[in-house]
Amino acid sequence: MIGIFQRRGRGGEGVADGPGAGMLAVRLAAGAAVPAGCAGVVCDQGGGTRRLASGARAMLNHGDIAFCFHPGPHPFDLLPFASAPEIGLRATVAVDSPDPRLAQQRFDLYLMSEAGEQLALADFRAAIEAALQRELAQGHLELPPCTTLEEWNAFRAGFNQLLYTRFGVTVDDCLPLDLGASHDYAAMLLARAAAMPAPDKPAPPAPAASAPL
């Protein structure tokens, strides 16, 4: 059976359509080949995972699921502080080749547990941004104003560790980004206020009962 991310090749064999524009990963149909420039992941019923190289076919047993993904690098503009949208970071992340020292790769486990049928780049960026904001709010990472080089290096080390531990990706590059020209905080607050429903007017107080004569 041809899946939604599979097309027919000239000889009738299944050939996977790789992640298109805006997609990081998509489900791979049984028997489909991993597209050029992509990698594949197969997860069995026991939770074990294995990687597939570009061109390899997804030979699936009963209960197995498979994905193909583009390893990147993928650039993301992130807002580390929700209350300061003019302050940004431009991070470039990538999925590394399998680490032979690990039985299961962290990114593979993330895909199997959270991707569903597909994983859009916008959703992955939002997940990274939410994790970054949470770590900063809880004080596990620090990015103070007028950050010194030493403070920046400490932040980068923590950010690198966060993305590898949580998502299984590595940070190729990360630079501060001024988003003031594209993110007007005052305008954003006004838009939020306009979108909020009007508060209910309090009911008028009941008239006081007249005292008996």
Side-chain angles (χ1 to χ4, degrees), residues 1-7 13-79 89-135 140-141 158-174:
M1 181 176 67
I2 301 300
I4 59 175
F5 297 115
Q6 190 179 10
R7 57 183 169 82
E13 71 278 8
V15 179
D17 288 328
M23 286 293 167
L24 174 61
V26 295
R27 286 283 288 269
L28 192 62
V34 178
C38 295
V41 180
V42 176
C43 180
D44 59 33
Q45 287 184 309
T49 61
R50 69 180 189 276
R51 287 278 181 97
L52 300 175
S54 175
R57 294 196 174 278
M59 308 310 296
L60 306 181
N61 298 318
H62 178 71
D64 290 356
I65 60 174
F67 280 89
C68 62
F69 66 88
H70 194 291
H74 301 287
F76 296 123
D77 289 351
L78 306 171
L79 301 179
L89 297 174
R90 176 160 292 168
T92 303
V93 305
V95 183
D96 284 343
S97 300
D99 186 341
R101 299 170 298 178
L102 301 177
Q104 294 178 307
Q105 309 302 311
R106 289 181 180 270
F107 179 76
D108 302 356
L109 297 176
Y110 175 79
L111 271 186
M112 298 304 165
S113 61
E114 302 190 40
E117 288 292 325
Q118 60 188 26
L119 179 60
L121 284 168
D123 293 337
F124 192 56
R125 186 209 67 82
I128 290 175
E129 184 174 88
L132 173 60
Q133 291 182 359
R134 182 171 57 251
E135 292 298 297
H140 300 151
L141 291 177
F159 182 56
N160 294 355
Q161 183 63 37
L162 169 66
L163 263 60
Y164 175 73
T165 302
R166 176 68 180 86
F167 304 102
V169 297
T170 58
V171 182
D172 285 353
D173 198 11
C174 182

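Here, residue 1 is the first one in the sequence, and each next residue gets the next number. For the numbers below, each heavy atom of this structure counts, side chains included, while hydrogens, waters and symmetry mates do not.
With sequence neighbours left out, the salt bridge (charged side-chain N to carboxylate O under 4.0 Å, His left out) criterion links D77 to R90. For the salt bridge (charged side-chain N to carboxylate O under 4.0 Å, His left out) test, residues two or more places apart in sequence or in another chain that qualify with R51 are D108.
Listed by first then second residue, pairs satisfying side-chain hydrogen bond (donor to acceptor under 3.5 Å, both in side chains) with a partner in residues 30-50 number zero, not counting sequence neighbours.
When every heavy atom of P73 is checked against every heavy atom of T92, the shortest pair comes out as CB-CG2, 3.4 Å. The shortest non-hydrogen separation linking Y110 to A127 is OH-CB, 4.0 Å. The nearest pair of heavy atoms linking G55 to A33 is O-CB, 3.9 Å. Closest non-hydrogen pair, A58 versus A29, comes out as CB-O, 3.9 Å. Taking all atoms of both residues into account, the shortest heavy-atom contact from V34 to C68 is CG1-CB, 4.5 Å. Heavy-atom minimum distance, G37 versus P71: O-CD, 3.4 Å.
Between N160 atom CG and T165 atom OG1 the span is 10.5 Å, to the nearest 0.5 Å. Distance CD/Q104 to CG/L109: 4.5 Å, rounded to 0.5 Å. Here the CG atom belonging to L89 is positioned 6.5 Å from the CZ atom belonging to F159, to the nearest 0.5 angstrom. Atom CG of residue L163 and atom CZ of residue R106 lie 12.0 Å apart, to the nearest 0.5 angstrom.
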Does the side chain to side chain contact (heavy atoms under 4.5 Å, CB included) test come out yes or no for M23 and L119, once each step is laid out? CA-CA 6 Å; M23 286 293 167; L119 179 60; over 6 Å; no
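Note: F69 and F124 fail the aromatic proximity criterion, with ring centroids not under 6.0 Å apart.
Contact check for F76 versus L121: side-chain heavy atoms found under the 4.5 Å cut-off. In this structure, the side chains of L79 and Q133 come closer than 4.5 Å at one or more pairs of heavy atoms. Under the 4.5 Å side-chain criterion, counting only non-hydrogen atoms from C-beta, L52 is not in contact with V41. Side-chain contact between F67 and Q118: absent, with no pair of heavy atoms (C-beta onward) separated by less than 4.5 Å. Residues L111 and L24 have side chains not in contact (no heavy-atom distance under 4.5 Å, counting atoms from C-beta outward). The shortest distance between side-chain heavy atoms of I65 and M112 falls below 4.5 Å.
A side chain to side chain contact (heavy atoms under 4.5 Å, CB included) with V42 is found for exactly one of N61, L60, L28, namely L60.
In summary, R166 and E114 engage in a salt bridge, as defined by a charged side-chain N under 4.0 Å from a carboxylate O.
R27 contributes no side-chain N or O that, together with a main-chain N or O of E117, makes up a donor-acceptor pair within less than 3.5 Å.
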